[in-house]
Protein chains: 2
Amino acid sequence: MSDSCFVVRLNRYLDLTPTEKKAVASLEREPRDYPSGSMLWQEGDDLSELLIVHQGWALSESRLPTGKRQILRFHFSGDMIGASGIAFRDAPSSIVAATDMVVCRFPRRALGETFTEHPRLAALFFSISQMESIDLYDRLRALGRSEGKARLANLFLSIAARMRAVSGQHNPVIRIPLTQSDLGDAVGLTQVHVNRLIRQMTEEKLITRNRSTVTLVDEPKLIELARFVDRFSALDSSWFPSPRG
Amino acid sequence: MSDSCFVVRLNRYLDLTPTEKKAVASLEREPRDYPSGSMLWQEGDDLSELLIVHQGWALSESRLPTGKRQILRFHFSGDMIGASGIAFRDAPSSIVAATDMVVCRFPRRALGETFTEHPRLAALFFSISQMESIDLYDRLRALGRSEGKARLANLFLSIAARMRAVSGQHNPVIRIPLTQSDLGDAVGLTQVHVNRLIRQMTEEKLITRNRSTVTLVDEPKLIELARFVDRFSALDSSWFPSPRG
DNA sequence: TAGCAAATATAACATATGTTAATAAATTGA
DNA sequence: TCAATTTATTAACATATGTTATATTTGCTA
């Protein structure tokens, strides 16, 4: 039996007790495979389950009636998907596998039980959801108030930060299995303009891009250009209730 | 003693038990006044408290080193402010009073206690925070994938929706105490361009703006233009734990 | 290995939005 | 009530980004 990557993730923020670990692991059963490109669910679907990403990564996207697409968020190993739709019955965005994936599903109801029996986990889930809000704030600021190059830099850096957190390694080469159109849909630009910007950034020796690989050649300059802040380091658990049992 | 507007808000989504009401109301003590324009806290401040808006409204903003400003979110009566900073010790954005306000503060710790003693409230807080994420998704999509006029329409409609939810009234005239610069900082445009767009929208009989008042003249057309979805209606509580006590 | 589809690259041109600056109008405070 | 400050309005011009179109390259699969 493989390790629960959800436990691994949560344990990064908090020393889970054995009982808590068990409760978390129980959410992560019956892993299923999804090939790259498949749709885990679709905007508007009636939703009663949550997902945990075991392997690979996914993205949530939303389409305007005009056909235009906005990529809202990326989901990596250990991420819980679907919480943002928990307030409603139907999904506010579609989830698409960006690579081959292994995913576990569990019912909303199970989350309710966890909230009852493990208040500290509830606090942790709440905190993680707030971290994600901050990530959204950062993206909002990037989309609203910076130009294309900075937006792209921001995207690359934030993907790198999250993948590095998962892998524990600090590599300037990151695998980003997204086309130029995808990148554009993530940062609000056209494919053509993304192409222009990548060329410029390559000429300026900021990055290199090759197939689905991006190399952060001059990371300090990228960070400055993007005004990037890595939010996903520590977590303040000082207000959490004490673990039960 | 005035009613707790936090109770009023939460009760809109869920029938609170008397015990739960008491617990919520206890978070809302010692109301303080803040004049319009004052700063409730500043980006980077060490943060140990949360706020509940009693009266008036506030906005969170973040500044780029260049001085550019992005308005991230608006806070109305019954809103809890500061949760998004709860994962960290320091505030990720500044909070500014957009009108004269009455605000209550309570320590993070109190939230921990609430999570322990009222799992159903924990689930509710979690859900509300997810609703806010969806609101952010909508704004992200608006900023990334629609043009100025649609962004403004979106802003007006979403403010209207939230104020109407608070007031219970459905009035086409809404008070928006924001300058054109503020509006620009909210939707990622310049003051000059906001001016242009408002003029156009007025000519097209979509809206009217006068001092700090915006009238939604042709709401159906605005909704279509903005592709607006009102997210703040119902809430799925089917997965919540049962109330305690 | 050829052939097809998808992704990338590039160009010419169109447009939304930004910049700067100057004036007018509205608010505010003494 | 008036002066002072903040907002709004408008114009001329600059620029980032979008649009459309066409090659070129890459990757896939038969």
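Both backbone and side-chain heavy atoms feed into the values below; hydrogens, waters and symmetry mates do not. Each chain gets a letter, A, B and so on, in the order its sequence line appears, and its residues count up from 1. Please read these numbers as outputs of a predicted model, since none were measured by experiment.
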- Quick tally for nucleotides 20-30 of chain C: nucleotides whose base has a protein heavy atom under 4.0 Å get B, sugar-phosphate-only ones S, the rest -, giving B------S---
- Message: Near DNA chain C, counting only heavy atoms under 4.0 Å, which residues of residues 146-153 of chain B show up?
- Response: Glu147(B), Gly148(B)
- Task: Give me the residues of residues 195-204 of chain A where at least one heavy atom lies under 4.0 Å from an atom of DNA chain C, by number, or none.
- Result: Asn195(A), Arg196(A), Arg199(A)
- Message: Can you give me the bend angle of the helix from dT1(C)-dA30(D) to dA30(C)-dT1(D)? Use the axis through the first five pairs and the one through the last five, nearest 10 degrees.
- Response: 50°
Heavy-atom donor-acceptor pair, [X] side chain to [Y] backbone, under 3.5 Å:
| X | Y | answer |
| --- | --- | --- |
| Arg145(B) | Arg69(A) | yes |
| Glu219(A) | Pro172(A) | no |
| Asp182(B) | Thr179(B) | yes |
| Trp41(B) | Ser93(B) | yes |

- ring-ring contact (aromatic ring centres under 6.0 Å, His included): pairs with one or both residues in residues 150-197 of chain B, sequence neighbours excluded: none
- Message: Under 4.0 Å, heavy atom to any atom of DNA chain D: which of residues 172-184 of chain B qualify?
- Response: Thr179(B), Gln180(B)
- Near DNA chain D, which residues from residues 57-65 of chain A have a heavy atom under 4.0 Å away? none
- Would you sort out whether Arg151(A) and Leu143(A) count as a side-chain contact (heavy atoms from CB on, under 4.5 Å), showing the intermediate values? CA-CA 7 Å; Arg151(A) 293 192 214 171; Leu143(A) 286 203; 3.5 Å; yes
- Item | Where Arg139(A) and Ala186(A) come nearest, the two heavy atoms and their spacing | NH2-O, 2.7 Å
- Task: List in chain and number order the residues that pass side-chain hydrogen bond (donor to acceptor under 3.5 Å, both in side chains) with Gln55(A), two or more places apart in sequence or in another chain; answer none if no residue qualifies.
- Result: none
Is there a side-chain contact between [X] and [Y] in this structure, where contact means two heavy atoms from C-beta onward sitting under 4.5 Å apart?
| X | Y | result |
| --- | --- | --- |
| Thr213(B) | Thr215(B) | yes |
| Pro35(A) | Asp33(A) | no |
| Leu27(B) | Cys104(B) | no |
| Ser146(A) | Lys68(B) | no |
| Arg9(A) | Asp79(A) | yes |
| Phe76(A) | Val53(A) | no |

- Going through the checks in order, is the side-chain contact (heavy atoms from CB on, under 4.5 Å) test met by Asp185(A) and Glu61(A)? CA-CA 9 Å; Asp185(A) 288 340; Glu61(A) 62 174 41; over 6 Å; no
- Task: Give me the one residue out of His75(A), Gln70(A), Arg73(A) that meets side-chain hydrogen bond (donor to acceptor under 3.5 Å, both in side chains) with Ser60(A).
- Result: His75(A)
- Item | Qualifying salt bridge (Lys or Arg N to Asp or Glu O under 4.0 Å) pairs with a residue from residues 191-207 of chain A, counting only residues at least two apart or across chains | Lys149(A)-Glu204(A)
- Message: Which residues pass the ring pair (Phe, Tyr, Trp, His ring centres under 6.0 Å) test with Phe74(B), not counting sequence neighbours?
- Response: Trp57(B)
- For Asp90(B) and Leu47(B), what are the C-alpha separation, side-chain angles and deciding distance, and is it a side-chain contact (heavy atoms from CB on, under 4.5 Å)? CA-CA 5 Å; Asp90(B) 47 340; Leu47(B) 218 65; 5.9 Å; no
May I have the list of side-chain donor-acceptor pairs in residues 221-229 of chain B shorter than 3.5 Å, sequence neighbours left out?
none

- Item | chain B footprint on DNA chain D, 5' to 3' - any atom under 4.0 Å from a heavy atom | dT7(D) to dA12(D)
